[in-house]
Amino acid sequence: MTSNTRVVVIGAGLAGVRLARRLGELGVSAVLVGEEEHTPYNRVLLAEVLAGRYAPEVIALPAPERLTRGRVVHIDRALRHVHLADDSVIAYDTLVLATGSNPVLPPLRGLFAPDRHELPAGVHAFRTMDDCLGLSAAVRQDTRAVVIGGGLLGVSAARALAERGAQVVLAQQGERLMERQLDPSASKLVLRHLKDLGVEVHTETRVRGVRCVEGAVRSVEMADGYTLGADLVVLACGVRPRAGLAQDAGLAVHKGIIVDDELRTSDPHIRAIGDCAQHDGQVYGLAAPALEQADVLAELLAESPIASPAGAAGYSGTRALTRLTLATGSSPATGGPLDLAAFGEHTALPGDDVIQLTDATRGTYRKVVVRDDRLVGGVLVGELGTVGALARAWEGAEPLPADGAPLLHLLTNDGGS
């Protein structure tokens, strides 16, 4: 089968679906190619499905009009064809790669048998709906679960499994939880929250390997020789851009698929957006930049699929805010949900001003960093009523009044969101 279309988008995640829908609204013909059998969904909310708060259909994305299910195995740049695993071929004028990212699988002893490339039974990545449903089917009351990785994904998975009644141990190689997003004080509050849920947390510890019996995981071995019994192991060790298809096609790839301000790759007929794209040296791996890139690209492609008109707005980067709610259900013993948000640079440099408000009793923490009279970053844990106003001040990058009073007002005024 060969079909001709103006724009072909590979990847039915947040970025790909957003682009296909925006193009449709702008009158541009687009075909979306998705590899997963599931209806396109919001990957950000998978932890809510694992925790049992949402059914899978709740996190479904609005279905695009033209969705082709299949796995793209080859890009023929000369003929401008994409080849699928079922031998079908789709022609394109412009191709957009929105292939997302793959989970990082750590080099653990025993993770893969010499003659097998599949994870042992009970060992799961946590990236796709299939991963989530597999974990949901396996977890039971008092299931022994070990989560490897203490970043945003690992913390979310540990919290969700604990809510399902599992006995959870989280192993983090770094010195604190969510060290990319949070400063030490905020990280301590997240640690306390997980411990209140019954999660056993080990930081500055390295997992050496997994022990399997008859193809199923039974324990996790730490670098110091300590062994943890395990019925489930969750690999939450980060992600890397899914750029193999682009690399095989000869496109320029570094950390991700390199794109310019018009999200164009080294081939003028191919663009890239979302987790797989590297713009100005940066791979974001977050929802907000992916959606912004999709919106920008839709406008560019609506004008011209190849070259944008002079003066057309391109993509100049995203000032992304990370936000997470660690909900705990209704148990009063856990103290309720914990909200957190982080943006910009939360580590002060010499000469920076830092404003910090802490309420140990209520478990709230607010900190902002000011450099050259501009808000450059902040961390908030607990009550997030001020996050909207702070984020707007940060995004605007306007000089703050010298007396600092308005900034203090932003920190304490809970009507700002």
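- When all heavy atoms are compared, the tightest approach of Val220 to Ala230 is CG2-CB, 4.1 Å.
- Under a 3.5 Å cut-off, the side chain of Asp231 and the backbone N or O of Arg144 do form a donor-acceptor pair.
- Using a 4.5 Å cut-off on side-chain heavy atoms (C-beta onward), Leu194 and Arg159 make contact.
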Met178/Arg180 under side chain to side chain contact (heavy atoms under 4.5 Å, CB included): CA gap, chis, key distance, verdict: CA-CA 5 Å; Met178 296 183 63; Arg180 287 185 58 190; over 6 Å; no
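- Closest heavy-atom contact between Ser156 and Ala47: CB-CB, 3.9 Å.
- Rounded to the nearest 0.5 angstrom, Ile355 CD1 and Leu375 CG are separated by 9.0 Å.
- Shown here for Arg176 and Ser187, the closest heavy-atom pair between the two residues is CB-OG, 3.4 Å.
- The CG atom of Leu286 sits 7.5 Å away from atom CG of Asp275, with the distance rounded to the nearest 0.5 Å.
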Stepwise side chain to side chain contact (heavy atoms under 4.5 Å, CB included) check, Met222 with Leu228: CA-CA 8 Å; Met222 315 303 286; Leu228 297 169; 3.9 Å; yes
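- One distance of note links CZ of Arg22 with CG of Leu301; it measures 11.5 Å at 0.5 Å rounding.
- Within 6.0 Å of atom CG in Asp224, more than 12 heavy atoms from other residues, nucleotides or ligands are found, so the atom counts as buried in its surroundings.
- Residues Met129 and Leu46 form a side-chain contact, since some pair of their non-hydrogen atoms from C-beta on lies under 4.5 Å apart.
- A 6.0 Å sphere centred on NZ of Lys255 holds more than 12 heavy atoms belonging to other residues, nucleotides or ligands.
- Ion pair Glu345/Arg371 flagged as a salt bridge, since at least one NZ, NE, NH1 or NH2 atom sits closer than 4.0 Å to an Asp/Glu carboxylate oxygen.
- Taking both residues in full, the closest heavy atoms of Val381 and Ala186 are given as CG2-CB, 3.5 Å, listed atom of the first, atom of the second, then distance.
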Check against salt bridge (Lys or Arg N to Asp or Glu O under 4.0 Å), Glu36 and Arg71: CA-CA 8 Å; Glu36 294 188 52; Arg71 181 170 61 89; over 6 Å; no
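- The main-chain N or O of Leu50 is never found under 3.5 Å from a side-chain atom of Arg53 such that the two would form a donor-acceptor pair.
- Taking the six-membered ring for Trp and the full ring otherwise, His279 and Tyr315 have centroids separated by under 6.0 Å.
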Worked verdict on Val169 versus Val147 for side chain to side chain contact (heavy atoms under 4.5 Å, CB included): CA-CA 6 Å; Val169 176; Val147 177; over 6 Å; no
Audit row: Arg127, Ser101, side-chain hydrogen bond (donor to acceptor under 3.5 Å, both in side chains) steps and yes/no: CA-CA 9 Å; Arg127 184 65 184 161; Ser101 54; 2.6 Å; yes
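- Using a cutoff of 4.0 Å between basic side-chain nitrogens and carboxylate oxygens, Glu35 and Arg242 are scored as salt-bridged.
- With Arg109 contributing its side chain and Gly209 its backbone, the two residues share no donor-acceptor pair below 3.5 Å.
- Remark: the backbone N or O of Ala166 is not paired with any side-chain donor or acceptor of Arg140 at under 3.5 angstrom.
- Side-chain contact check for Arg43 and Thr128: no donor-acceptor pair (N or O, by modelled atom type) lies under 3.5 Å.
- Among all heavy-atom pairs drawn from Ala294 and Ala15, the shortest one is CB-O, 3.6 Å.
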Verdict with supporting geometry, Thr94 and Arg80, side-chain hydrogen bond (donor to acceptor under 3.5 Å, both in side chains): CA-CA 8 Å; Thr94 293; Arg80 291 189 219 156; over 6 Å; no
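- In the model, Gln172 has no side-chain atom that pairs as donor or acceptor with a side-chain atom of Thr203 under 3.5 Å.
- No more than 12 heavy atoms of other residues, nucleotides or ligands lie within 6.0 Å of CD in Glu37, so this atom counts as exposed by the packing criterion.
- Within the 3.5 Å criterion, the main-chain N or O of Ser136 finds a donor-acceptor partner in the side chain of Arg164.
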From CA spacing to verdict: side chain to side chain contact (heavy atoms under 4.5 Å, CB included), Val31, Val7: CA-CA 6 Å; Val31 168; Val7 178; over 6 Å; no
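- With contacts defined as side-chain heavy-atom distances shorter than 4.5 Å, the pair Thr143/Gln167 does not qualify.
- With a 4.5 Å cut-off on side-chain heavy atoms, Val369 and Asp353 do not count as touching.
- With Val9 as reference, Leu32 is the one residue of Leu67, Ile273, Leu297, Leu32 to meet the side chain to side chain contact (heavy atoms under 4.5 Å, CB included) rule.
- Using a distance-only test at 3.5 Å, with no hydrogens or angles considered, a donor-acceptor pair links the side chain of Tyr284 to the main chain of Thr318.
- Ion pair Arg6/Asp93 not flagged as a salt bridge, since none of the NZ, NE, NH1 or NH2 atoms sits closer than 4.0 Å to an Asp/Glu carboxylate oxygen.
- Of the residues listed (His346, Gln356, Lys367), the one engaging Asp183 in a side-chain hydrogen bond (donor to acceptor under 3.5 Å, both in side chains) is Lys367, and it is the only one.
- Contact annotation: the side chain of Tyr41 never approaches that of Leu14 to less than 4.5 Å [non-hydrogen atoms, C-beta and beyond].
- In Arg211, the CZ atom is crowded: over 12 heavy atoms of neighbouring residues, nucleotides or ligands sit closer than 6.0 Å.
- Checking side-chain atoms of Ser266 against main-chain N and O of Leu251 turns up no donor-acceptor pair under 3.5 Å.
- Using a 4.5 Å cut-off on side-chain heavy atoms (C-beta onward), Ile75 and Leu97 make contact.
- Checking side-chain atoms of Gln293 against main-chain N and O of Gly274 turns up a donor-acceptor pair under 3.5 Å.
- Of all the heavy atoms in Gly256 and Gln278, the pair that sits closest is N-OE1, 3.0 Å.
- More than 12 heavy atoms of other residues, nucleotides or ligands shown are found within 6.0 angstrom of CZ on Phe112.
- A donor-acceptor distance shorter than 3.5 angstrom exists from the side chain of Asp352 to the backbone of Leu349, with no hydrogens or angles considered.
- Judged by distance alone, the side chain of Arg69 and the main-chain N or O of His38 form a donor-acceptor pair under 3.5 Å.
- Between His74 atom NE2 and Asp248 atom CG the span is 9.0 Å, to the nearest 0.5 Å.
- Between the OG1 atom of Thr205 and the CG atom of Leu170 there is a distance of 10.5 Å, given to the nearest 0.5 Å.
- The distance from the CZ atom of Arg206 to the CZ atom of Arg208 is 6.5 Å, given to the nearest 0.5 Å.
- With contacts defined as side-chain heavy-atom distances shorter than 4.5 Å, the pair His269/Leu95 does not qualify.
- Counting heavy atoms from C-beta on, the side chains of His193 and Leu197 come closer than 4.5 Å.
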